[in-house]
Amino acid sequence: MNTEDFIRRRPVYLLLDTSGSMRGAPIQAVQQGVTMIHQELMNNPHAIETVYLSVITFADNAQQIVRLCSVEEFKPPTLRAEGSTALGAAITLLGQAFERELIPNSEGRKGDYRPLIFLLTDGAPTDDWRPPITNFKAQRGSKIGAFVALGCGTNVNTAILKEITNDVLYMKDTSPDALKQFFRWVSSSIQKTSQRIEARPDEGALEAMPLPPVMKWDRSTTS
Amino acid sequence: MPPIIHLVVDPRGWASPPDAEMLTALMKARLRGYTPLTVQTRLLGEGWAATLPYEEAVVLLVLSRPLAEGWQTPLEAWLNEQHRLYIAFFDGAEVADLRGLAALTATQPIPRAPYRILAQTTHGLDSALEWFEGVLNKMQPTFVPEAPPPPVRVAATRWRNLPSNAQDIYAYPDQVMLSAHGAQNYSLIGASHRGKTHAHHGTFRDDAVALGTTPSWNILAVADGAGTAALARVGSNLAVSSALAAIRESAPLIPSPDDLGRAIWAGLEAAYHALFNFATAENVDVSDLNTTLQLLIHFPLETSCFVGVVHVGDGLVVAEAVDGQIYPLTEPDTDPDDSGRTLFLTSAPLNQWKRRTKVYQFDERLSIVALMTDGLSSDLEPYDELLQPNLFGALRARVLCYPLRQRENALLSFISYERRGSFDDRTLAVLAREG
């Protein structure tokens, strides 16, 4: 049997707000959260073989500070909070990363599983976010496994987040403990999804774990 | 990763050409105290725009003469949020080039007009580096250094191989191998290997395999119990065993090709009813027994053969004729938009599977027929290109070269390979012509 690898990857993109409002304890909690996700995935052999991680941060501009790589290759980046909230630029960059990094289905070969995207922000975008979102949805909307946006704090604009995705979480609390719970939820949802690949291989679905008490789905209708 | 600082210096028009190593050292000296940054320097050559770094980079282009044509397109393609470009120039540079470069770089996050260097000397160049340092300084908060190594190394957890619970009332062995001499100088072998997921959690293998013969027929069956079904192993084993028994029972003493279609349907019907009967008797939901099923009857004649086949779900049934021609005999039930989703035997009313029964007539003998669950067939993609070397060729070289008894072990070993990203149970049933 040929064992030459063409692994079906489960890409996971973390879009993290590193604007000035995240300075101090919140950015440290996000930093620890990313490290925790990595450590927990390293404890899960399914995830080690299938999950690929990338980190995109956005402040005055957006940067893909960790390109899509395996859990074993992943090095948690050092995050620094400063500047505004260029969410539109982050979405543009996400689309470019998809173009460059994702392996599509082709004849005779199954490509990557649909990517999971987790966005965390504590404010409203300061750039022109609507055109990038419109483009992203038009080009990529149907090819995403899940796009979960967490708005945290009192300054977040969840109405905008709901224009980005249907899966919007809200968390009033931005304490390190609350953020830790969010990242723990992300980590366990990724692990559950990666383990269910062969059991119920619905490529489109995130196997979301129950939410911790500090978070709730924001299902209200946008105005 | 912080960006690479990349200097591209035009070597033309210098009294003595600048030294790349020296320029790197000068730039590094200016960046002391910043996040550690990699500095690279090279001299401007042909096709410079097409060979800019793929990694995230901030490039300083120092021009002293007009650029050769054709730089605009590759440069436009290169520039993005990960790739930034700044220009410094001596008076020998072409104004049109500078205008074009300025236009291209005007929209980057920290835009700067091209910087004019007064004298084409090392001292002049250093003034450009000082200017460039100012740009980088402005950018510096966005540079993210490599994370320092964690104080405790994070080691990857490896796969465990825990036995399943042998005391369970529905216990099945973690691996199976079997063989039989078949009709008309054929042999049958089968093996089933527990996947990494089940082994890691100490849960049961959900695949099943069964082989059988009559004086005229060779019969093979494989099934893949659904990972989400609580009694998947029971469903898959019930399906193959009841199908096999029903086919044997319906086999006439002297069969005709017409009997093949009836027998293959009888096998599927028996499997279907067995699942519902078990569910009723044990008071469980029939979906707890969800399983695929692939069933094949081979009726060899002197110089030709008939093959009856039926399948529900994914996996693969494929045959190789004596002339080397390969024939896929089933089309796996896989959702085109969701390659993992499949059908199960009890997903639909029994009659819906009627059109699935097929009888093929071959004007030549078959040398090998293989039935496999999707744990194997998924790894064999792309089918057409790899089946000959990876399946039939490998079976000959690694399994069929042994006497029948040893083939069981060889087949199990053949399907027990380690492969990243392959977690599922693997089951393979093989019919092979001797000699």
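Reminder, nothing fancy here: chain letters follow the sequence lines and each chain counts from 1.
Between A/H46 and B/F423, the ring planes lie tilted relative to each other; the angle falls in the 30° to 60° range.
In this structure, the side chains of B/K196 and A/P45 stay at 4.5 Å or more apart for every pair of heavy atoms. You'll find the side chain of B/R420 reaches within 4.5 Å of the side chain of A/S70, heavy atoms only.
No more than 12 heavy atoms of other residues, nucleotides or ligands sit less than 6.0 Å from atom OH of B/Y402. When the shell of 6.0 Å around CD of A/E72 is examined, it contains more than 12 heavy atoms from other residues, nucleotides or ligands. Within 6.0 Å of NZ on A/K180 lie no more than 12 heavy atoms contributed by other residues, nucleotides or ligands.
To the nearest 0.5 Å, atom CZ of residue A/R67 and atom CD of residue B/E56 are 7.5 Å apart. In this structure, B/Q82 CD and A/I65 CD1 are separated by 10.5 Å, a value rounded to the nearest 0.5 Å. Interatomic distance, CG of A/D60 versus CD1 of B/I110, reported as 8.0 Å (0.5 Å rounding).
Only the backbone of B/E55 comes within less than 4.5 Å of a heavy atom in chain A; its side chain stays farther off. Using a 4.5 Å cut-off between heavy atoms, A/A86 makes no contact with chain B at all. Proximity to chain B (any heavy atom under 4.5 Å) is restricted, for A/L93, to the side chain, taken from C-beta onward.
Residue B/S422 comes nearest to A/E49 through the heavy atom pair N-OE1, 4.1 Å, listed as atom of the first residue, atom of the second, then distance. Closest approach of A/A62 and B/E81 over heavy atoms only: O-OE1, 3.5 Å.
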